[in-house]
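All heavy atoms count here, side chains included; hydrogens, waters and symmetry mates do not. Computed from a prediction, not measured in an experiment: that's the story for all the values here.
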Amino acid sequence: MPVRSNASHSTEPISSETELVRIPEGWFWMGSDSGQDNEKPVHRVWVDTFLLAARQVTNCDYSEFLRVTGAPVPPFWQEVNLNQPEQPVVGVSWHEAATYCDWLSRGSGRFRLPTEAEWERAARGGSERKLFPWGDDPPQSLPDYAKRWKTGPEPVAQHPPNSFGLYDVCTNVHEWCNDWYGAGYYSVSRDRNPTGPEQGNRRASRGGSWRHHIKVSRCAARSSIPPEFQYADYGFRVACDE
């Protein structure tokens, strides 16, 4: 699995499949003063260096997992608008996404879902307090915005990545995070590598959705559903400890 450095764009082989981007350690401002109540208060957070997949897990990726493990197919696996090989896999529960990470860890590396703090740090791409990965211009300013995401998510990596090298961040599908969700967690969150509440009823997710009215989410926007739910606009990307 090649790892790309943001500074030099060098790679080192880990295995033969997913490209991982090295997200550098650092402080950033997490949350938004102008967003939903669950995005407040804005607080300073440190995140250690970690690796994050450059793209969302695709149907092609997931089919290999299904073939090897015999796991059940997701509920939308036969729908032509959702099952193209390079589209992100959807309809995967949090438990299934976590199982995929465990399966991927059979080789080198310990794969997992990213925390909310890691995801937001990566989505911001090193820019502080901007609404979107590209800045503050609205999603409607994106080229061909009105023509995109009509019947399903787009094939991954069709448009330029953010400044860390991540494709489709804040777009296409909601992405599962590792954390339990807590609406008021920011008021009690630790400031170094927060991992969310110790327990809960819903798992956190981040990013936009092809079937929402506004297709692109803000970097700070939070979402959550129960971990057993399987929605047609929920997918994931994998993280890995460096």
Side-chain angles (χ1 to χ4, degrees), residues 1-4 9 11 13-21 23 51-94 96-101 103-104 106-107 109 111-114 119 122-123 125 133-134 139 142-177 205-212 215-217 230-240:
M1 204 162 284
V3 177
R4 178 147 48 83
H9 300 284
T11 61
I14 293 182
S15 76
S16 59
E17 300 172 4
T18 302
E19 180 184 22
L20 296 169
V21 175
I23 308 300
L51 306 175
L52 188 63
R55 55 182 177 79
Q56 295 153 346
V57 174
T58 65
N59 287 315
C60 183
D61 298 328
Y62 204 74
S63 66
E64 178 66 7
F65 163 71
L66 297 177
R67 185 189 67 81
V68 172
T69 66
V73 301
F76 308 101
W77 196 248
Q78 302 301 326
E79 294 196 17
V80 67
N81 290 328
L82 302 173
N83 70 359
Q84 301 308 301
E86 292 307 310
Q87 285 180 301
V89 64
V90 297
V92 176
S93 72
W94 182 93
E96 290 167 324
T99 299
Y100 178 92
C101 291
W103 170 76
L104 204 60
R106 72 200 188 286
F111 291 88
R112 54 180 175 77
L113 297 172
W119 194 99
W134 61 84
L142 295 176
D144 297 323
Y145 174 85
K147 300 177 182 178
R148 298 171 61 186
W149 304 293
K150 291 297 187 181
T151 59
E154 297 178 329
V156 301
Q158 298 297 296
H159 300 275
N162 77 350
S163 58
F164 277 163
L166 302 172
Y167 294 96
D168 306 304
V169 68
C170 293
T171 72
N172 236 12
V173 292
H174 296 299
E175 299 180 20
W176 285 114
C177 292
S205 55
R206 291 299 192 101
S209 160
W210 64 268
R211 65 180 185 176
H212 284 194
K215 311 296 185 183
V216 184
S217 77
Q230 297 171 301
Y231 281 180
D233 58 349
Y234 261 71
F236 65 106
R237 74 177 75 213
V238 299
C240 184

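- Annotation for Ser163 and Gly125: closest pair OG-O, 2.5 Å, computed over non-hydrogen atoms.
- Note that OG of Ser205 is 9.5 Å distant from CD of Glu175, once rounded to the nearest 0.5 Å.
- Taking the side chain as every heavy atom from C-beta outward, Pro153 and Asp233 never approach each other to under 4.5 Å.
- Between the side chain of Trp210 and the backbone N or O of Ala232 there is at least one donor-acceptor pair closer than 3.5 Å.
- Taking OG1 from Thr171 and NE2 from His212, the interatomic distance works out to 13.0 Å, rounded to the nearest 0.5 Å.
- Annotation for Leu166 and Ala53: closest pair CD2-O, 3.5 Å, computed over non-hydrogen atoms.
- Only one option out of Tyr62, Trp176, Phe111 pairs with Tyr100 in a ring-ring contact (aromatic ring centres under 6.0 Å, His included); it is Tyr62.
- Listed by chain and residue number, Asn172 satisfy the side chain to side chain donor-acceptor pair (under 3.5 Å) test with Trp149 (two or more places apart in sequence, or in another chain).
- Formation of a donor-acceptor pair under 3.5 Å by the Arg106 side chain with backbone atoms of Trp103 is found in this model.
- Contact between Ala122 and Phe164 at its shortest, heavy atoms only, is O-CD1, 3.5 Å.
- The CD atom of Gln56 sits 10.0 Å away from the CD atom of Glu154 when rounded to the nearest 0.5 Å.
- To the nearest 0.5 angstrom, Leu104 atom CG is 6.0 Å from Thr18 atom OG1.
- Between Pro88 and Tyr234 the shortest side-chain heavy-atom distance does not fall below 4.5 Å.
- Between Ile23 and Leu52, the shortest heavy-atom contact is CG1-CB, 4.2 Å.
- Nearest heavy atom pair, residue Val169 against residue Pro133, reads CG1-CG, 3.9 Å.
- In this structure, Asn162 contributes its side chain and Trp134 its backbone to no donor-acceptor pair below 3.5 Å.
- Under the 3.5 Å distance criterion, the side-chain polar atoms of Gln87 are left unmatched by any main-chain donor or acceptor of Pro85.
- The backbone N or O of Arg55 lies less than 3.5 Å from no partner atom in the side chain of Glu19, so there is not a single donor-acceptor pair.
- Of the inter-residue distances, the one linking Phe76 atom CZ with Asn81 atom CG reads 12.0 Å to the nearest 0.5 angstrom.
- Residues Pro74 and Leu66 have side chains in contact (heavy-atom distance under 4.5 Å, counting atoms from C-beta outward).
- Remark: the backbone N or O of Cys177 is paired with a side-chain donor or acceptor of Trp94 at under 3.5 angstrom.
- A distance-only check finds no donor-acceptor pair linking the side chain of Asp168 to the backbone of Gln158 [under 3.5 Å].
- Contact detail for Cys101 and Val238: the closest heavy-atom pair is SG-CG1, 3.9 Å.
- Between Val89 and Trp77, the closest side-chain pair of non-hydrogen atoms falls below 4.5 Å.
- With Arg237 contributing its side chain and Tyr167 its backbone, the two residues share a donor-acceptor pair below 3.5 Å.
- Side-chain atoms of Lys147 never come within 3.5 Å of backbone atoms of Pro143 as a donor-acceptor pair (strictly under, hydrogens ignored).
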Take Tyr145 and Val216 through the test side-chain contact (heavy atoms from CB on, under 4.5 Å) and record every step on the way to the result. CA-CA 10 Å; Tyr145 174 85; Val216 184; 4.2 Å; yes

